[in-house]
Amino acid sequence: MASSDKISLYNLADLKNTSDDAIPNYLNSLKFRQSHRLLDVRLALGYSAFVLSAACFLWDYQYGFESTKWYTAVAVGLYTMLNGALTFWVSQVEKGAVYQGTAPSGEKLTISTSTKKNDPTYRLKASIEAKGGKEQVVELATPFADFFDETGRFVVKPFQEALATSISVVGRQDPKRVKHASQKMIDSNPDLLDAVLAANTTEAEQATSTAAEAADTKGGKRRKA
């Protein structure tokens with residue numbers, strides 16, 4: 001099923017954002033419990049910096065610069081620290097994470113995504129932490145053309161199949177979306193399907209020819225007798 005919204009196929013940011021938004025919708029429908037901790041911390045740091053800036057403006061407007069300059073100096077220092085903390089959080093803690101949640105079976109799942117300039121490939125990294133603390137990392141690189149049609153509409157099924165097939169905890173919750181290795185190989189290389197069909201046709205023709213020759217030989221022997 002394709003989404004009714006169209007986006008530009010040449011805009012990597014729109015392609016990535018649309019794909020990112022589809023991840024929580026899909027996983028939450030499979031009874032994953034999403035965690036908003038990363039987003040909550042980012043919002044808290046961002047809003048704190050904004051409130052501090054607004055307070056500085058009101059102090060200066062209400063009391064003048066001279067009477068509030070020391071408060072302003074302290075506020076500037078705090079603002080710098082908050083923005084530094086926000087930058088560190090986004091670059092070193094979130095690291096492109098678009099989803100954090102817990103599977104019904106108890107594993108913790110973190111999904112990060114990224115793109116490269118002028119490369120229409122969706123790069124996904126999934127970190128799966130089992131109950132015992134053992135971590136498994138899965139990386140997936142898929143062209144956006146696999147789940148966007150020629151008009152720019154997002155196609156849900158192949159996107160969900162890519163996640164269910166590559167990420168074990170997702171596949172266990174949605175086995176009908178898991179594709180077998182042979183099917184994945186054929187999808188990634190359409191020429192392989194033609195080769196398989198051609199080989200099957202050749203084998204069938206050879207079998208038919210052999211059967212015909214055997215029938216002729218048998219019939220010839222009967223006539224000779």
Side-chain angles (χ1 to χ4, degrees), residues 5 7-28 32-103 106-131 133-142 144 148 154 159 163 166-167 169-170:
D5 297 328
I7 63 172
S8 172
L9 295 175
Y10 302 99
N11 190 323
L12 284 180
D14 285 349
L15 292 170
K16 180 181 181 300
N17 290 336
T18 301
S19 303
D20 289 347
D21 291 341
I23 292 176
N25 293 335
Y26 176 46
L27 297 183
N28 292 341
F32 279 73
R33 296 192 307 276
Q34 185 175 4
S35 170
H36 299 280
R37 183 180 66 89
L38 293 177
L39 180 60
D40 289 343
V41 173
R42 188 205 303 185
L43 290 176
L45 291 172
Y47 279 121
S48 296
F50 172 77
V51 170
L52 193 59
S53 300
C56 283
F57 172 78
L58 291 174
W59 293 340
D60 184 65
Y61 180 80
Q62 186 76 22
Y63 303 107
F65 176 74
E66 285 299 325
S67 59
T68 60
K69 60 183 179 181
W70 295 113
Y71 296 103
T72 301
V74 173
V76 169
L78 290 175
Y79 181 84
T80 302
M81 292 175 61
L82 286 172
N83 270 278
L86 179 60
T87 301
F88 175 81
W89 184 263
V90 171
S91 62
Q92 300 300 319
V93 179
E94 288 189 4
K95 295 182 178 179
V98 297
Y99 185 87
Q100 270 193 332
T102 304
E107 296 94 336
K108 293 182 179 179
L109 175 64
T110 300
I111 296 179
S112 304
T113 62
S114 63
T115 56
K116 293 183 178 180
K117 188 176 181 180
N118 299 325
D119 181 8
T121 301
Y122 190 57
R123 303 178 189 279
L124 183 147
K125 181 178 180 181
S127 175
I128 307 164
E129 184 179 342
K131 294 180 180 179
K134 185 178 179 180
E135 186 177 14
Q136 176 188 4
V137 177
V138 177
E139 295 188 6
L140 174 67
T142 307
F144 283 110
F148 282 90
F154 181 74
F159 182 78
L163 294 182
S166 303
I167 305 174
V169 292
V170 179

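Below, all heavy atoms of this structure are taken into account, side chains as well, without hydrogens, waters or symmetry copies. Since this is a predicted model, take the numbers as computed values, not measurements.
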Checklist outcome for this item: Interatomic distance, NE2@His36 vs OH@Tyr99, rounded to 0.5 Å, equals 8.0 Å
Next on the checklist: Working to the nearest 0.5 angstrom, can you tell me the gap between Leu12 CG and Lys117 NZ?
Outcome noted: 10.5 Å
Item to check | Partner set under side-chain hydrogen bond (donor to acceptor under 3.5 Å, both in side chains) for Glu129, not counting sequence neighbours | outcome: none
Next on the checklist: Glu135: which residues meet the side chain to side chain contact (heavy atoms under 4.5 Å, CB included) condition with it, sequence neighbours left out?
Outcome noted: Ser127, Val137
Next on the checklist: Using 0.5 Å steps for rounding, measure from the CG atom of Asn28 to the CD atom of Gln34.
Outcome noted: 5.0 Å
Compile the donor-acceptor pairs under 3.5 Å between side chains in residues 43-63 and protein atoms, sequence neighbours left out, one pair per line.
{"residue": "Ser48", "atom": "OG", "partner": "Ala44", "partner atom": "O", "Å": "2.6"}
{"residue": "Ser53", "atom": "OG", "partner": "Ala49", "partner atom": "O", "Å": "3.0"}
{"residue": "Asp60", "atom": "OD1", "partner": "Phe65", "partner atom": "N", "Å": "3.3"}

Next on the checklist: According to side-chain hydrogen bond (donor to acceptor under 3.5 Å, both in side chains), who are the partners of Asn17, at least two apart in sequence or on a separate chain?
Outcome noted: none
Next on the checklist: Quick check: do Ile7 and Phe148 have side-chain heavy atoms less than 4.5 Å from each other?
Outcome noted: yes
Checklist entry - What residues form a side chain to side chain contact (heavy atoms under 4.5 Å, CB included) with Ala97, not counting sequence neighbours? => result Leu38, Thr110, Ser112
Next on the checklist: When you compare the side chain of Tyr26 with that of Phe159, does any pair of heavy atoms fall below 4.5 Å?
Outcome noted: no
Checklist entry - Do any pairs count as a salt bridge (Lys or Arg N to Asp or Glu O under 4.0 Å) and have a residue in residues 78-92, sequence neighbours left out, and if so which ones? => result none
Checklist entry - Taking only residues at least two apart or on different chains, which pairs with a member in residues 32-50 satisfy salt bridge (Lys or Arg N to Asp or Glu O under 4.0 Å)? => result Arg42-Glu94
Checklist entry - Is there side-chain contact between Leu124 and Val138, with at least one heavy-atom pair below 4.5 Å? => result no
Item to check | Heavy-atom side-chain contact between Ser19 and Thr113 under 4.5 Å | outcome: no
Checklist entry - Can you tell if the side chain of Ile167 reaches within under 4.5 Å of the side chain of Ile111, non-hydrogen atoms only? => result yes
Checklist outcome for this item: Taken in chain and number order and not counting sequence neighbours, the residues that satisfy salt bridge (Lys or Arg N to Asp or Glu O under 4.0 Å) with Arg123 are Asp119
Checklist entry - Taking only residues two or more places apart in sequence, or in another chain, which ones meet Val74 in a side chain to side chain contact (heavy atoms under 4.5 Å, CB included)? => result Leu78
Next on the checklist: With heavy-atom distances below 4.5 Å as the criterion, would you say the side chains of Val170 and Phe32 are in contact?
Outcome noted: yes
Checklist entry - Who are the side chain to side chain contact (heavy atoms under 4.5 Å, CB included) partners of Thr115, not counting sequence neighbours? => result Lys16, Phe144
Next on the checklist: Are the side chains of Phe154 and Leu15 in contact, using a 4.5 Å heavy-atom criterion?
Outcome noted: no
Item to check | Sequence-distant partners of Glu66, salt bridge (Lys or Arg N to Asp or Glu O under 4.0 Å), two or more places apart | outcome: Lys69
Item to check | Non-hydrogen side-chain atoms of Leu27 and Leu109 separated by less than 4.5 Å | outcome: yes
Next on the checklist: Under the salt bridge (Lys or Arg N to Asp or Glu O under 4.0 Å) definition, can you give me all pairs with a residue in residues 82-92, not counting sequence neighbours?
Outcome noted: none
Checklist entry - If you look at every heavy atom in Glu107 and Ile128, which pair is closest and at what distance? => result CB-CG2, 4.0 Å
